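The model shown is predicted, which means the values in this text are computed figures rather than measured ones. Naming convention: chains lettered A, B, ... in sequence-line order (proteins, then strands); numbering from 1 in each chain.
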There are 2 protein chains.
Amino acid sequence: MPTKKGGSGQVEPQSKDVDTEQRILDAAHEVFLRNGTAGARMQDIAREAGVNQALLHYYFRSKERLAEAVFRRAALQLLPPMVALLGSELPLERKVEEVIRHELEQLSRTPYLPGYVLSELSHHPERAGQLVETMTGMRAAGIAPRVFEKLGQQIDEGVRAGTLRPIAPEDFVLNLVSLCIFPFAARPMAMTLFAWSPDQWTAFIERRRVELPRFFLEALRP
Amino acid sequence: MPTKKGGSGQVEPQSKDVDTEQRILDAAHEVFLRNGTAGARMQDIAREAGVNQALLHYYFRSKERLAEAVFRRAALQLLPPMVALLGSELPLERKVEEVIRHELEQLSRTPYLPGYVLSELSHHPERAGQLVETMTGMRAAGIAPRVFEKLGQQIDEGVRAGTLRPIAPEDFVLNLVSLCIFPFAARPMAMTLFAWSPDQWTAFIERRRVELPRFFLEALRP
DNA sequence: GTCTATAACAGGATAGAC
DNA sequence: GTCTATCCTGTTATAGAC
C-alpha cells in the first residue's frame, strides 16, 4: 500500500501524491458515473486524470478496489445530507422544504449520481449494509430507528394535533425521495416523451422547487 | 441474416429456430437485466439459453444488436401499458388506481426492469426517441400531446368542477410514476436502511397498493 | 511517485465441420 | 441450425527503468 495512513506515524503523506490520488479519484468518479462500473475503462480514467494507467494500480491496486472507493464516495455524497436533514430538529414543514430544496439543487449539479448509486446497489446489494455502517458507525439493524426517531415523533405530534394524517415514517421518506430523485433518473425519457428542450427541463425543475413541497404536504392533510 | 422475414416470401420460419431465437432472447433478457449491458457476458447468455455462443451471433450478429433487441423488448413491456392507461377513457380517480395497481404488480414480478431501462436510456439517450416512435408510429414531438390529451382534459374538468387543483399533466404523470417505480429501484437501500426482511418488503408493497392512490389523490385536492 | 513497455487474460467474433 | 475450435482485439495488471 502507498503512503496513506502509515502504520508507524500519523504524519500526513508527502507533497505531491495526495493531489494525485485525489485527481485519480475525481477522474474515476467522472468516468464511473458516466459509463457505469462495468462500462468504464481504466485507460479513460487515467487520461481524464492526466496520469498514466500504471499509476491507477499503484494507488488502488485494481479496478475493483477503485470502483469501491468511488462508490463509497458517491454514496456518502448522496445520502448523509438527506438523512441528516430528515433526522434534524427542524419543524416538519421546513424539513420537507429543505430536503426538496437540497435534493433538487444537488441533483441539478450531479444528475448521474442517483442512477449510478442505485444501479451499483442493485448489482451489489451487500454494499448497502457496509454503507449504512460507514455512515453511522453502528450496525445496520440499529440505525433506522435512531435516525428516523425524530421524524416519527414529529409525525405523531402532527397526527395528535390534527394537522396530519397517519403515515409510517418509512413511507414518508420513500415518497419524498421518490418525488425528488426519480424525475432525474427518468430525465431522458421524460424530455423525449414530453418533447422538452433543455430550457423546458430547467423550467420544470424550477417550478418543482415550489410545487413539490405543496404537493407532498397536501397529500398528508388529515 | 437468418430466417426471419425472408425477402422473397412471407412464409414463416422453419420449425426449430423460432423457439431458439426466442430462448436466446429470453436468456439475454435475464442476463442483461441482471448485469446491465456492459456487465453482461455472451457466454452467460448462451449457457442460460442452453445453446452455444456461436449461435447468438448466428441469430443476432453482435452483442450490440442483441442488446438493442432486448432493450426494445424490455421498454415495450414497461411503457405502453402505462401510457395506454394514462390516455384511456377511465375517470381520473380510477385511472390513478389502475396505474398504481398495474405498476406495483408488474414491478413485483420484474423488479430489475425499471432500473435497466432507465440506466440504458441514460447511457443512450437517443434510444428514447426511437422508442417513442416505435411505440406510437409517429414522430416524437407529436406524441405527447395526443396521448396525454385526454389526461389534460380530465384535469381541466376537475379544476372547473372544484374537485382538483391545477397541475400540469407532465407533473401529474411524473409524480405518479415516481411514486410507483422509485421504491423498487431503491429497494436494496431501503431494505437495509429500514432493516426490513423480504416479508416486510412484501407487506410494504401490499400496503402501498391501497395507500398510494389516497396519497396521490389527496395531494391534488384544491 | 511516475513513467514505458509488455505480459496475461477475457471476451466478442468468425471459420468450418456436421 | 447447431456445434467445436480458434482468432484477435481490447483491457486489466505487472515489471522494471528513471
Side-chain angles (χ1 to χ4, degrees), chain A residues 1-9 11-28 30-32 34-71 123, chain B residues 1-9 11-32 34-71 123-124:
Chain A
M1 291 136 198
T3 40
K4 297 203 169 180
K5 306 105 190 178
S8 39
V11 200
E12 277 310 296
Q14 316 72 316
S15 59
K16 197 73 176 302
D17 59 342
V18 241
D19 289 328
T20 304
E21 182 165 354
Q22 197 53 41
R23 282 223 316 285
I24 292 175
L25 209 52
D26 289 342
E30 272 297 301
V31 175
F32 277 128
R34 251 205 326 267
N35 302 336
T37 305
R41 300 288 160 246
M42 295 295 268
Q43 180 52 46
D44 296 344
I45 297 173
R47 186 167 349 98
E48 178 106 6
V51 300
N52 113 352
Q53 202 177 334
L55 217 52
L56 307 192
H57 289 89
Y58 175 75
Y59 281 104
F60 294 93
R61 203 176 166 77
S62 74
K63 179 182 177 181
E64 194 175 325
R65 281 169 190 262
L66 180 54
E68 278 165 22
V70 167
F71 170 75
H123 299 328
Chain B
M1 291 136 198
T3 39
K4 297 204 168 178
K5 306 104 187 179
S8 39
V11 199
E12 277 309 297
Q14 312 75 317
S15 58
K16 198 73 176 300
D17 60 343
V18 240
D19 289 329
T20 305
E21 181 165 354
Q22 197 54 41
R23 282 224 316 286
I24 291 176
L25 208 51
D26 289 343
H29 185 98
E30 273 297 302
V31 176
F32 277 128
R34 251 204 326 269
N35 301 336
T37 306
R41 300 287 159 248
M42 295 294 269
Q43 180 52 47
D44 296 344
I45 297 172
R47 186 167 349 98
E48 178 105 9
V51 300
N52 102 7
Q53 201 178 336
L55 217 53
L56 307 192
H57 289 91
Y58 175 77
Y59 280 104
F60 293 93
R61 201 175 166 78
S62 72
K63 181 182 176 180
E64 194 175 325
R65 280 170 191 263
L66 180 54
E68 276 165 23
V70 168
F71 171 75
H123 298 327
H124 305 279

*Decide side chain to side chain contact (heavy atoms under 4.5 Å, CB included) for Arg47(B) and Met42(B); before the verdict, give the C-alpha distance in whole Å, the side-chain angles of both, and the deciding distance to 0.1 Å.*
CA-CA 9 Å; Arg47(B) 186 167 349 98; Met42(B) 295 294 269; over 6 Å; no
*asked:* Whole angstroms only, please: what is the CE-P distance between Met42(B) and dC8(D)?
replied: 19 Å
*Return the value, rounded to whole Å, for the distance between atom CZ of Phe60(A) and atom P of dG1(C).*
13 Å
*When all nucleic acid strands are considered with a 4.0 Å heavy-atom cut-off, which category describes Ala38(B): base, sugar-phosphate, or nothing?*
nothing
*Do the non-hydrogen side-chain atoms of Thr37(B) and Val70(B) ever get within less than 4.5 Å of each other?*
no
*Would you say His57(A) reaches dA13(D)'s phosphate, i.e. side-chain N/O to OP1/OP2 under 4.0 Å?*
yes
*Rounded to the Å, how far apart are Arg65(A) CZ and dA13(D) C1'?*
13 Å
*Find the distance Arg47(A):CZ to dC3(C):P and express it as a whole number of Å.*
14 Å
*With distance as the sole test, does Lys63(B) use its side chain to make a donor-acceptor pair with the main-chain N or O of Arg41(B) at under 3.5 Å?*
no
*Sugar-phosphate only, base, or nothing, as touched by Ala46(B) at under 4.0 Å among non-hydrogen atoms*: nothing
*Calculate the interatomic distance between Glu64(A) atom CD and dT11(D) atom P; express it in whole Å.*
18 Å
*Can you find a pair of side-chain heavy atoms, one from Glu21(A) and one from Phe60(A), that are under 4.5 Å apart?*
yes
*Residue-phosphate contact under 4.0 Å: Thr20(B) side-chain N/O, dT2(D) OP1/OP2*: yes
*Tell me whether the OP1 or OP2 atom of dA13(D) has a side-chain N or O from Tyr58(A) closer than 4.0 Å.*
no
*What's the NZ-P distance between Lys63(A) and dT14(D), to the nearest Å?*
15 Å
*Residue whose nearest DNA chain D nucleotide is more 5′ - Ala54(A) or Arg41(A)*: Arg41(A)
*Give the rounded distance in Å between these two atoms: CG of Asn35(A) and C1' of dT11(D).*
14 Å
*How long is the gap from CD1 on Ile45(A) to CG on Leu55(A), to the nearest 0.5 Å?*
12.5 Å
*Could you state the CD-P distance from Gln43(B) to dG12(C), rounded to the nearest angstrom?*
9 Å
_Of the listed nucleotides (dC3(D), dC3(C), dA13(D)), which one gets closest to any side-chain atom of Val51(A)?_
dC3(C)
